[in-house]
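Chain A is the first sequence line, chain B the second, and so forth, proteins listed ahead of strands; every chain is numbered from 1.
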Amino acid sequence: MAEAKKDILVVSSSPHLRREENIPKIMHNVIVALVPAMAASLYFFGLRAILLILTSVLSCLATEYVFQKARGKEITLADGSAIITGILLALTLPPSFPLWATAIGGISAMALGKHIFGGLGYNIFNPALVGRAFLQAAFPVTITTWTPPLTMASVDTVTTATPLALMKFEGKITPYLDLFFGNISGSLGETSALAILIGGLYLRYKGIINWRQPLSYLLSILLFGGLFWLISPSRYPDPLFHILAGGAMLGAFFMVTDYVTTPVTPLGQWIFGIGGGFLVIIIRLFGGLPEGVMYSILLMNAITPLLNRYTRPKVFGELE
Amino acid sequence: MAAKELPLSKDFFKGFWKENPVTVQLLGLCPTLAVTNTAINGFAMGMATTFVVVSASTLVSIIKRLVPRQVRIATYIVIIASFVTMADLFLAAQFPAISKALGPYVPLIVVNCLILGRSEAYASKHPVHRAFLDALGMGLGFTWVLVLLGIIREVLGFGSIFSLKMFGDWFTPWIVMILPPGAFFTLGIIVGVINYITGKEGSETTCH
Amino acid sequence: MNNKILKMVIVLTVTGIFSGGILATVYRVAEPRIEENRLKELKEAIFIVLPDTVDYKEIERNGTVLYMGLDKEGNTTGYAFVSEGPGFQGKIRMMVGLNKDLKHLTGMKVLEQVETPGLGNRIAEEDFQNQFKGLQFEPEIEYVKNKKPEKPNEIQAITGATISSRAVARAITKDVKRVVKILKEEGSGS
């Protein structure tokens, strides 16, 4: 009796997972949600995009297999988490990125980002972003060399700047429609805001993610971006640009919503989203890099355990 | 301690693997991480440290009976600092390029706990020939790890070994390897691999 | 008791005296060599930034040290000076050559830098330094990215290391103007 009562009356913060074996189910939904973004990258960058995604996914799977085998653990390739890491990593890379370097990114994502901490559920940082950060540190020039999409009619240029770099270094603003549909140069998956939005809405519809995390992140970008825009509209871009350009959308729907590396309490999730959005704006406007989504999420990942600890709801009736 | 019964060779060789200052004792990590971006820098730092640890340990062992307990650490530090300054001046005079590359890390050998550690824990309690062999083994053990770190980081970060180009133009250097994070990654992997190997051997733990 | 303290004092004193004495000796031997190395480096740098120079004369004008380059016949080949500025991570020190008409630069060599390896530290590579040969500095040294420089006062920044490239351009612009002013004043004064 006492045991049954305990089961019913457990008070915990979200997510309230009631199903058994839910990891594969969730993960497969996330993969489905990533299909529009992958399709968009195929449309804009051609077969090269698929090659990059395949390389990244395969290297992640191989690394996971090797680590789990070496540590004598159950092989969990089928749960899809390694596939998602691979896809997300590929989506943050420029289309012309070499395949061998992509494989290194996949290996470091899984090894340094996940298995060093003990595997799925134990990692502090988003593995895909760890891989991306490693590549950024290892090949800073290659990873910021962008090729224009196939749909952009410019024959004479081999490399182009991303909208964020154009804004930061040359003060040029890219039209919203191009940003929204993805007719811009940039990473595979961060070009088309529309495709990511479709995937994000699907995840919300399926109940995989809550609305709090992406919304707080995007709202915070709007808010702080808008603040600087109001201070000096000629020097800083408007807030809508901040949301549509770069990896803000991809980050908001697929990285800020990661189960493992973000807070579980509602208050913690708000703080995470707002802090992350603030960091994006600070890095974009005042940092050395044009894009700040990656570091904003990694930095917020680092304080997630702290947020979880201090935003835990008080147990009802507990004495000080 | 039953050190007297140990063969002399053990005094010498324990620093190479079993009690390696870097991979097992994790001592002297500041120079290990800071100057090993190329093999030659790692080698120079290893040699300078070996010189200091051997000289200091030998001298400490010679005068161990003359030094009162209360001032022993102060005395050791003065001795170590003197040898470090000598090494620093020597490098600056004979190998200005290396001296420049190592920068402040040569004077910082003074605070390498490996050296004071050997003086205090070993040389001040053992006869001169043993102290000498122990220090030499430790110094060379330190050196090989630094050179290995330097080689790995130089190959990946510059595409060369001892400044000899290894690859053609297709090679893109991994810049992260010559930055501080590269040092941590590489050292972590080396220590991990060595623990993995010794773990398999089923090593007998030595007590100190 | 007193004996013990006395022993401590004696041991420490003797150690200190010995150590000091030995170090003084080593220093006396090493010092000239170190000084020689420093001068050799300076000389090499001057000869690199001032072509056809075989000798130099050090001149000092209100705290600024200039090196006047001399060729085989003893004619002035130009002026070299040390330029300094903040880089991405620390100070960048360079030897800069100026032609004798004070119109353009004749070369640049990085003496000291702690820029990011593989990126910013490529300012010390030949390709980058050679861009300063014949470079004009009026109204100021500018940099372009990802394309060949077109104007005579432009250099091409290193890909991925704009900040270091800009730091070099700014430091040299600032210092060369000061040096030109000093030399012009002297020219009109004499």
Taking donor and acceptor roles from the modelled atom types, list the N and O pairs under 3.5 Å across chain C and chain B.
| from | atom 1 | to | atom 2 | distance (Å) |
| --- | --- | --- | --- | --- |
| C/Ser19 | OG | B/Ser82 | OG | 2.7 |
| C/Asn37 | ND2 | B/Ala92 | O | 2.9 |
| C/Asn37 | ND2 | B/Ala93 | O | 3.0 |
| C/Glu41 | OE2 | B/Lys100 | NZ | 2.7 |
| C/Leu111 | O | B/Lys100 | NZ | 3.1 |

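No other option in B/Ile79, B/Val67, B/Ile178 has as many heavy-atom pairs under 4.5 Å with chain C as B/Ile178.
Considering only heavy atoms from C-beta on, C/Ile48 stays 4.5 Å or farther from C/Met95 through its side chain. Under the 4.5 Å side-chain criterion, counting only non-hydrogen atoms from C-beta, B/Phe142 is in contact with B/Val22.
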Derivation and outcome, side-chain contact (heavy atoms from CB on, under 4.5 Å), residues C/Ile158 and C/Phe128 | CA-CA 8 Å; C/Ile158 292 162; C/Phe128 184 76; 3.7 Å; yes

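To the nearest 0.5 Å, the span separating CG on C/Asn153 from CZ on C/Phe137 amounts to 11.0 Å.
Looking at every heavy atom in both residues, C/Phe132 comes nearest to C/Val168 through CZ-CG1, 3.6 Å.
Proximity to chain C (any heavy atom under 4.5 Å) is restricted, for B/Leu179, to the side chain, taken from C-beta onward.
By the 6.0 Å contact criterion, CD on C/Glu60 is enclosed, its count of non-hydrogen atoms from other residues, nucleotides or ligands being greater than 12.
Counting only distance, with no hydrogens or angles, the side chain of C/Thr106 and the backbone of C/Asn99 share no donor-acceptor pair below 3.5 Å.
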